[in-house]
Amino acid sequence: MTESPRRMSTRVSTRVSTRAVVVGGSLAGMLAAAAVRDHIDSVEIIEAHGLPEGAEARPGVPQAAHFHILLSGGANAIEELLPGTVEELLSAGANRVPMTTNMLIYSPEGWYRRWKRDSHHLIAASRDLTDSVIRGKVLKDPRVSVRPHTKVTALLGSSRRVTGVRLRAADGTETDLTADLVIDASGKAARTPRWLAELGIPAPAEDRVDSGIAYASRVYRAPVPTLNWPVISVQADPRRGEPGRTGGIVPIEDGRWHVSLIGTPGAQPSREAAEFEPYARTLRHPVIADLLSHAEPLTDVAVTHSTANRRYYYDRLKSWPEGLVALGDSVAAFNPVYGHGMSVAALGAVALRTQLSSLGLTNGLSRKAQRAIARPVELAWSLAVGQDIHYETTMGKSAGAADRLLQRYVSRLSHTATGSYHVATAMTEVLTLQSPGTALLRPGVLAAAVMGPLRPRLDGPTFTGGERRLLADAGIRPPWLTA
């Protein structure tokens, strides 16, 4: 029997609208909002600070002072959530860097070749620009709003279901905000374990692995054009049994280089400007120091010691409330030297959207989404921790026999990759979070590792003829460039 128009109209008018609350206006928070906006009527982002209008530093993101790269796995995920983001970043001056075509990498096993075939890429830009472009695209949507200068102090509901959050405004006023879904994207300072305990849920298992690495970073005016300029990385060798020193140059917007120098205890860089370039001179190759000697510093030196790997295993809890999801650094934070943080957050947001698209706001969404978010976390965690545990100063976990065996295999792969496009591509697939670690155990990769590199070892960085001319025009003629 056909319903009357009056009855149909009544049904529509009594529909209850749905709301998601995102805790934190970070990059992860913005991507979370983008993930759920098509499936929920309104999304409100609760931000403890204010949000800048453009590509300016956002309060509460001290790591923005250090270089950031967006790996192709993360860039592709962001494009799924926010089509056109990469093009907007490039238009604003970011660089698309083919891997390893436009990278100069000095690994512990030697210099990587710059293969002319482009298999993967990264987006190089300042963190402020990346945040600004993503934030602008998300907040254009009228379904998404921000409540700034407001803190979430507790979860509402019970151990079975979270029904909202308690808020504290800047003037101390407290109010309750109901929600059908609460997403914790508040970052490293997340208080979710405490909030869960207040609901009667046991604390999740937690891992913390800290190599004691410190970062010192500075932005320079580049002496050469930065469009299509290569990323440069001189890596430490943890097998030497001595403090590790690493450095990198990332070409970012506005003709600048973002430079980070990184050291383990016993070789940690200083915040003194006069010591920045001399520290670069202590790396395993002088390329970074020689380039910086012709660049103009634009900022002071920023230092951080907050580089520990920390992970909460929410996906393993026997009890998890419906209506709550955590992602980004709230779940796992990684040593930033590996460049996985933004990409893991993006992949986690895509996982959330996939589960929400399939299940809707039904029972089981939160647990299934939390387990899906854990998958990209697991890969990035194994990559970061699998490297950091081999430093003698690392706390939280030490390398066992299996870890040392795996390290020898990965070292063999890296050695092979210096002269094998096939292996270099396989490793890049995993490092950009586009394939699981098991991809490195495929028969073809195993066979290539046994054979070793197919080309001879390189003696130094392989700048192209055009890059050499640009360096020469800038008066940069170190011995390694003309050798």
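For reference, positions follow the sequence shown, starting with 1.
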Smallest separation among heavy atoms of I476 and P223, with atom names: CD1-CG, 3.8 Å

Flag side-chain contact, heavy atom, 4.5 Å: H258 against V219: yes

Heavy-atom check, side chain of N102 versus side chain of R96, under 4.5 Å: no

Euclidean distance, T416 OG1 relative to M451 CE, rounded to 0.5 Å: 9.5 Å

Any donor-acceptor pair under 3.5 Å from R412 side chain to V450 backbone: yes

Smallest separation among heavy atoms of V430 and A439, with atom names: CG2-CB, 4.2 Å

Donor-acceptor under 3.5 Å (E79 side chain, G84 main chain): yes

Sidechain-backbone polar pair: R127 side chain, H66 backbone, donor-acceptor under 3.5 Å: no

Nearest-0.5 Å distance that lies between atom CD in E80 and atom CG in N76: 7.5 Å

Main-chain N/O of A185 paired with S26 side-chain donor or acceptor, under 3.5 Å: yes

Check: T282/R245 side-chain N/O donor and acceptor closer than 3.5 Å: yes

Modelled atom types, side-chain donor and acceptor of S414 and Y112, under 3.5 Å: yes

Enclosure of K137 NZ (heavy-atom neighbours >12, cutoff 6.0 Å): yes

Side-chain H-bond candidate by donor/acceptor type, Q434 with S72, under 3.5 Å: yes

side-chain contact (heavy atoms from CB on, under 4.5 Å) assessment of V224 paired with W229: CA-CA 8 Å; V224 294; W229 188 261; 3.8 Å; yes

Backbone of E253 reached by a side-chain donor or acceptor of R256 within 3.5 Å: yes

Test item: L283 and Y106 side chains (from C-beta on) under 4.5 Å apart, heavy atoms: no

Flag side-chain contact, heavy atom, 4.5 Å: V231 against P251: yes

Derivation of the side-chain contact (heavy atoms from CB on, under 4.5 Å) call for S357 and R353: CA-CA 6 Å; S357 299; R353 187 184 70 167; 4.0 Å; yes

E206, CD atom: more than 12 neighbouring heavy atoms under 6.0 Å: yes

Separation of S366 OG from L352 CG (nearest 0.5 Å): 9.0 Å

Separation between CG of L81 and CZ of R37, rounded to the nearest 0.5 Å: 8.0 Å

Point-to-point distance, once rounded to the nearest 0.5 Å, from CE of M427 to OG of S435: 13.0 Å

Among L70, V86, I123, side chain to side chain contact (heavy atoms under 4.5 Å, CB included) partner for I78: L70

Within 6.0 angstrom of D141 CG, more than 12 heavy atoms from elsewhere: yes

Heavy-atom closest pair, residues Y421 and W115: N-CZ2, 3.3 Å

N/O donor-acceptor pair under 3.5 Å between R284 side chain and Q235 backbone: yes

Chi angles and distances behind the side-chain contact (heavy atoms from CB on, under 4.5 Å) call for I134, T85: CA-CA 7 Å; I134 291 173; T85 297; 4.0 Å; yes

Test item: Y215 side-chain N/O and V337 main-chain N/O as donor-acceptor pair under 3.5 Å: yes

Within 6.0 angstrom of D473 CG, more than 12 heavy atoms from elsewhere: yes

Side-chain heavy-atom pair V259, F276 within 4.5 angstrom cut-off: yes

For the student: nearest non-hydrogen atoms of E429 and T432, plus distance: O-OG1, 3.3 Å

Sidechain-backbone polar pair: R221 side chain, D254 backbone, donor-acceptor under 3.5 Å: yes

Residue Q407 excluded, over 12 heavy atoms near CD under 6.0 Å: yes

Any I232 side-chain heavy atom under 4.5 Å of P461 side chain: no

Test item: H39 and L181 side chains (from C-beta on) under 4.5 Å apart, heavy atoms: no

Within-4.5 Å side-chain heavy-atom neighbours: T462 and W111: no

Test salt bridge (charged side-chain N to carboxylate O under 4.0 Å, His left out) applied to D290 and R281, step by step: CA-CA 8 Å; D290 288 339; R281 189 68 60 186; 2.6 Å; yes

Least distance between heavy atoms, G244 atom then T264 atom: N-OG1, 2.7 Å

Chi angles and distances behind the side-chain contact (heavy atoms from CB on, under 4.5 Å) call for Y338, D388: CA-CA 10 Å; Y338 305 111; D388 280 359; 2.5 Å; yes

Donor-acceptor under 3.5 Å (S411 side chain, E109 main chain): no

Donor-acceptor pair, side chain of N95 and main chain of N228, under 3.5 angstrom: yes

Nearest atoms (heavy-atom pairs only) where A33 meets V144: CB-CG1, 4.2 Å

Full working for salt bridge (charged side-chain N to carboxylate O under 4.0 Å, His left out) between E467 and R114: CA-CA 13 Å; E467 291 161 357; R114 297 175 64 176; 2.8 Å; yes

Interatomic spacing from NE2 in H120 to CE in M103 - rounded to 0.5 Å: 12.5 Å

Residues R143 and D38 bridged, charged N to O under 4.0 Å: yes

Ring center gap for F463 and W480 short of 6.0 angstrom: yes

